[in-house]
Amino acid sequence: MKILFLIVCLMITSFATFAQSVIKVPQSLHSVLPDGKFSENEWKDAYVMPVSDSLMLYIKQDAENIYWCLRGMQNRPSLAGVDFYITHHDSLINLHASAKLGERKLTGGGYGDWNWWNNENWIANVARFNAFTGTRFLPDEAKEFQLRKIRFSNQAIRLMLQEDNLKNPNPPFPAGSSPNDTTKWLILGL
C-alpha cells in the first residue's frame, strides 16, 4: 500500500511539471451521461490522470462536446461539489456543481456573482437530496461535466479544478495553481 501511495505521489509531482505541456484530448465515438455514476465503459477511451491519492480526472471529447469527470477513488462515494475554472474566449469562468449548478465570470480582478441554474451549453450532475436532518445530500462517486465546444474560440483551453469539500478540502489542481492565474493550469488540446 505504501509503495502504491509513493507511486501516486511521484505521478502527481510529474504532472505538476507536465502541466504546461498540451494534453491532447482523445476523440471518442461514445458520449457520456453526466449522472455521477462512474461507468468504466463510458470513460474507457478517456485521458486519465491522478489529481490526488483519492481523486482521478478523466477527459475526452466527441464532435460536439468535451467531457470531464472527477472520480472519487474510495470505496464509498465521497464528492460533495467541485469547481472547474476554464478559459473562455478572452476571460475566465468558474463552473460549479454541488447541490446546484452555477457559473460566474472573472471581472475586475475577482469572480462576479453566481448565475445559478442558467448553465448555457454545459451540464453536470448535482448532489441528490437525502433528508432535512443528518446527511442532507448524498455524496457522488463522480462529478461528470459535459460542455459544448461552441463555448470556445480556439483549439486549446486551460483548466484547473478545486474540490468543494468543506470537511477535507483538497488543494487546487494542478498544484500551485490559482483561479486568477492560468500559467499553471492544464492545457487541453481539442
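- Smallest separation of non-hydrogen atoms from His96 and Trp122: O-CH2, 3.7 Å.
- Inter-residue side-chain proximity for Ser28 and Asp45 is flagged as met; some heavy-atom pair is nearer than 4.5 Å.
- Side chain of Thr87 to backbone of Arg158: a donor-acceptor contact under 3.5 angstrom is found.
- Side-chain atoms of Ser31 and Asp62 form no donor-acceptor pair, as typed in the model, at a separation below 3.5 Å.
- In this structure, Val32 and Gln146 have side chains that are not in contact, with every pair of non-hydrogen atoms separated by 4.5 Å or more.
- Considering only heavy atoms from C-beta on, Phe173 stays 4.5 Å or farther from Ser52 through its side chain.
- At least one donor-acceptor pair under 3.5 Å links the side chain of Asn125 to the backbone N or O of Glu144.
- The salt bridge (Lys or Arg N to Asp or Glu O under 4.0 Å) test applied to Glu103 returns Arg151, not counting sequence neighbours.
- Atom CD1 of Ile66 is separated from atom CG of Leu188 by 5.0 Å, given to the nearest 0.5 angstrom.
- Nearest heavy atom pair, residue Lys105 against residue Ser91, reads CE-OG, 3.0 Å.
- Using a 4.0 Å cut-off between a side-chain N of Lys or Arg and a carboxylate O of Asp or Glu, Lys60 and Glu42 do not qualify as a salt bridge.
- Between atom CG of residue Leu106 and atom CG of residue Asp181 there is a gap of 10.5 Å, rounded to the nearest 0.5 Å.
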Determine, stepwise, if the pair Ile23 / Met49 fulfils side-chain contact (heavy atoms from CB on, under 4.5 Å).
CA-CA 11 Å; Ile23 296 168; Met49 69 178 68; 3.3 Å; yes
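- Partner Phe145 forms a side chain to side chain contact (heavy atoms under 4.5 Å, CB included) with one of Asn119, Val82, Ile59 and no other, that one being Val82.
- Leu33 and Ile123 sit in two unconnected hydrophobic clusters of ILVMFWY residues. Membership requires side-chain heavy atoms under 4.5 Å apart, directly or through other members.
- Residue Pro174 comes nearest to Leu159 through the heavy atom pair CD-O, 4.1 Å, listed as atom of the first residue, atom of the second, then distance.
- Closest approach of Gln61 to Tyr67, counting heavy atoms only: CA-CD1, 4.3 Å.
- For the atom pair CZ (Arg104) and CD1 (Ile93), the distance works out to 11.5 Å, reported to the nearest 0.5 Å.
- Proximity of Lys24 to Tyr47: side-chain heavy atoms (C-beta onward) are nowhere separated by under 4.5 Å.
- Put simply, NZ on Lys184 and CE on Met160 are 11.5 Å apart, with the number rounded to the nearest 0.5 Å.
- Taking the side chain as every heavy atom from C-beta outward, Phe84 and Leu57 approach each other to under 4.5 Å.
- Of all the heavy atoms in Pro172 and Gln162, the pair that sits closest is CG-OE1, 3.1 Å.
- Residue Leu95 holds its CG atom at 4.5 Å from CD1 of Ile86, rounded to the nearest 0.5 Å.
- Interatomic distance, Thr107 OG1 to Leu92 CG, rounded to the nearest 0.5 Å: 10.5 Å.
- Not a single donor-acceptor pair under 3.5 Å links the side chain of Tyr85 to the backbone N or O of Trp185.
- Looking at heavy atoms from C-beta onward, Val126 lies in side-chain contact with Leu101 at the 4.5 angstrom threshold.
- Looking at Leu147 and Trp68, their side chains come closer than 4.5 Å, going by heavy atoms from C-beta outward.
- For the pair Arg148 and Glu64, the minimum side-chain heavy-atom distance is below 4.5 Å.
- The hydrophobic cluster containing Val48 does not contain Leu29, counting ILVMFWY residues as joined when their side-chain heavy atoms lie under 4.5 angstrom apart, directly or transitively.
- When every heavy atom of Ala46 is checked against every heavy atom of Pro26, the shortest pair comes out as C-CG, 3.9 Å.
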